[in-house]
Amino acid sequence: MLRTVARQAVLRSRGGEVARRAMSSFVVSGSNRTSRARGSVAGAPLVMSRGLKEISFGGTTETVYERADWPREKLLEYFKNDTIALIGYGSQGYGQGLNLRDNGLKVIIGVRKDGASWKAALEDGWVPGETLFDVMEAVQKGSIVMNLLSDAAQSETWPKLRPLLTKGKTLYFSHGFSPVFKDLTKVEPPKDIDVILVAPKGSGRTVRTLFKEGRGINSSYAVWNDVTGKAHEKAQALAVAVGSGYVYQTTFEKEVNSDLYGERGCLMGGIHGMFLAQYEVLRENGHSPSEAFNETVEEATQSLYPLIGKYGMDYMYDACSTTARRGALDWYPIFKKALKPVFQDLYESTKNGSETKRSLEFNSQPDYREKLEAELQTIRNMEIWKVGKEVRKLRPENN
Ligand SMILES: NC(=O)c1ccc[n+]([C@@H]2O[C@H](COP(=O)([O-])OP(=O)(O)OC[C@H]3O[C@@H](n4cnc5c(N)ncnc54)[C@H](OP(=O)(O)O)[C@@H]3O)[C@@H](O)[C@H]2O)c1
């Protein structure tokens, strides 16, 4: 077990230091600034600005946009003549749609009648014939078409949807998947309309929860076609309207490659594989399920990973015992060396379209939901995740 208690006094002061360091690297050199001072670091005035900002991220300068750049009144004015037709009401449709509605924009939902999404949309207060329509009917009514159907469904519906994307409309995606892999998906956006992307870096459920808490998800944005000359600002504005806190620029290609890679790697597949490997070795060496689970998952998610999220990896190291720190410092390069070739293979597999092909083939099967459920059931039945269920129940707050 890692010892985190003894160093609390040190950490409290270091927490302040870390926060200050983060602020000091937030160097602003953008245009459209209103020069609003929020604080200072060690005597140096810290000037924060609103509007386009160039920030040095560890030495590489990038431009970012924030929610404060698009206050509600500005959004309402900017989209006053638009009907936003959001098609698909899965996780993203739900999160982005409700946030747009709460922001006061004119938004309608398009889903297939009497499907699971239709029922979910009804429960969330979308009204048939007023704000809830069949997919193609919504597309006809919208000036901005947000395509949040599943990636496989985007491909399937494209032949019907494409003729409805007439001049003057804007097409929006939350993933570069369909246009980037157009040879596989057959989704080739029209050249005479603006085509943009806003990709929240999290599940649609989180998009909604953070918005309701007054916080915001981080998102990337990209432009495929800029016919009007306003595609960039439209994407930035929509990013804020759907609930983003800050937005960074990317391309459709980079978005899809990084996204497919990330979710297969550290975000989901990689971390799941690592948990399983560590747990199994502990069990094979005679450790109890409680011990194996606590040393693999519970301590990670409840104690250490939140520290990384809040203050950074160096802070997490600093929060642990000298013994733990020494071991982790010795072993992380070994893990990196072993895993890097796997990540290299994974990146290649996303870039060359193999991951897209697999996803399209699997998710286009009529019985894909049943097949997916069977795989998820296998996970549910693994000892490690059954143990997790019991361990979570034992958390005092769950008693
Ligand atoms: N989920 C995430 O964390 C996340 C994050 C960032 C970006 N994205 C992107 O956001 C987009 C939407 O993803 P999602 O996860 O929200 O949704 P999803 O679960 O992948 O898709 C669900 C929606 O697609 C509809 N659909 C499926 N097959 C259809 C068909 N043949 N015809 C008409 N509608 C069909 C479903 O309707 P029914 O209920 O009627 O089946 C449902 O409304 C994708 O491009 C995804 O890559 C997702």
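When reading the values below, keep in mind they use all heavy atoms of this one structure, side chains included, and skip hydrogens, waters and symmetry mates. Numbers here are sequence positions counted from 1. Both ligands and their constituent atoms are indexed starting at 1 by order of listing.
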Query raised in the report: Considering only the protein, which heavy-atom contact is closest to atom 10 (O) of ligand 1, and what is its distance?
Result: Q92 CG, 3.5 Å
Report task. Could you tell me whether Q154 approaches ligand 1 through its side chain, its backbone, both or neither, with non-hydrogen atoms closer than 4.0 Å? Result -> side chain
Requested in this report: Check whether any N or O atom of N147, backbone or side chain, sits under 3.5 Å from an N or O atom of ligand 1, and answer yes or no.
Outcome: no
Query raised in the report: Closer than 4.0 angstrom: is that true for some heavy atom of F177 and an atom of ligand 1?
Result: no
Query raised in the report: Between K201 and E255, is the closest basic N to carboxylate O distance under 4.0 Å?
Result: yes
Query raised in the report: Are any of the side-chain nitrogens in E361 or K357 under 4.0 Å away from the carboxylate oxygens of its partner?
Result: yes
Requested in this report: May I ask you to identify the nearest protein heavy atom to atom 7 (C) of ligand 1, giving residue, atom name and distance to one decimal place in Å?
Outcome: S174 O, 3.3 Å
Query raised in the report: Using the benzene-type ring in the case of Trp, are the ring centres of W70 and Y78 under 6.0 Å apart?
Result: yes
Query raised in the report: In terms of atom number and element, which parts of ligand 1 are under 4.0 angstrom from non-hydrogen atoms of S203?
Result: 3 (O)
Query raised in the report: Out of V198, L149, D134, who gets a non-hydrogen atom closest to atom 25 (C) of ligand 1?
Result: L149
Report task. Can you sort out which atoms of ligand 1 are near R369, meaning under 4.0 Å from one of its heavy atoms? Result -> 39 (O), 41 (O)
Report summary line: Ranking A120, S150, G90 by closest non-hydrogen atom to atom 27 (C) of ligand 1, top hit is S150
Query raised in the report: Does a salt bridge link E280 with R283, judged by any charged N lying under 4.0 Å from a carboxylate O?
Result: no
Query raised in the report: Is it true that R208 and E213 have a side-chain N and a carboxylate O under 4.0 angstrom from each other?
Result: no
Report summary line: Counting from 1 in the order shown, the ligand 1 atoms closer than 4.0 Å to a non-hydrogen atom of H175 are 45 (O), 47 (O)
Query - Distance filter under 4.0 Å to P200 heavy atoms, resulting ligand 1 atoms - result: 6 (C)
Report summary line: Of all protein heavy atoms, the one nearest atom 15 (O) of ligand 1 is S91 CB, 4.1 Å
Query raised in the report: Considering all heavy atoms of both residues, which atom of E355 and which atom of S349 are nearest to each other, and what is their separation?
Result: OE2-OG, 2.5 Å
Query raised in the report: Quick one: does A199 get a heavy atom under 4.0 Å from ligand 1?
Result: no
Query raised in the report: Applying a 4.0 Å heavy-atom criterion (strictly less than), which segment of R205 is in contact with ligand 1: side chain, backbone, both, or neither?
Result: neither
Report task. Please determine if K393 and E390 form a salt bridge, counting it only when a charged side-chain N lies under 4.0 Å from a carboxylate O. Result -> yes
Requested in this report: Note the single closest protein heavy atom to atom 45 (O) of ligand 1, along with its residue, its atom name and the distance in Å.
Outcome: D151 OD1, 2.6 Å
Query - Protein contact of atom 37 (O) of ligand 1 - nearest heavy atom, named by residue and atom, plus distance - result: S117 OG, 3.2 Å
**Report entry** Y89, any N or O under 3.5 Å of ligand 1 N or O
**Finding:** yes
Query raised in the report: What do the steps show when you test I271 against Y305 for side-chain contact (heavy atoms from CB on, under 4.5 Å), and what is the final call?
Result: CA-CA 12 Å; I271 199 74; Y305 294 178; 4.0 Å; yes
Report summary line: So the atoms of ligand 1 within less than 4.0 Å of a heavy atom of G88 turn out to be 43 (O)
Query raised in the report: Please state which protein non-hydrogen atom is closest to atom 40 (O) of ligand 1 and give its distance, to 0.1 Å?
Result: R112 NE, 3.0 Å
Query raised in the report: Do I379 and E375 come within less than 4.5 Å of each other through their side chains, counting heavy atoms only?
Result: no
Report summary line: Quick note on ligand 1: atoms under 4.0 Å from a heavy atom of A153 include exactly 26 (N), 27 (C), 28 (N), 29 (C), 30 (C), 35 (C)
Query raised in the report: For ligand 1, which atoms, with element, lie under 4.0 Å from some heavy atom of E156?
Result: 31 (N)
Query raised in the report: Pick one: which of L164, V135, V145 meets side chain to side chain contact (heavy atoms under 4.5 Å, CB included) with Q140?
Result: L164
Query - Step-by-step side-chain contact (heavy atoms from CB on, under 4.5 Å) determination, I144 to F79 - result: CA-CA 10 Å; I144 296 174; F79 292 114; 3.8 Å; yes
**Report entry** Protein contact of atom 12 (C) of ligand 1 - nearest heavy atom, named by residue and atom, plus distance
**Finding:** L148 O, 3.4 Å
Query - Identified side chain to side chain contact (heavy atoms under 4.5 Å, CB included) partner of P189 from the options D194, L171, L165, N147 - result: L171
Query raised in the report: Would you call R392 and E298 a salt bridge, using N to O less than 4.0 angstrom?
Result: no
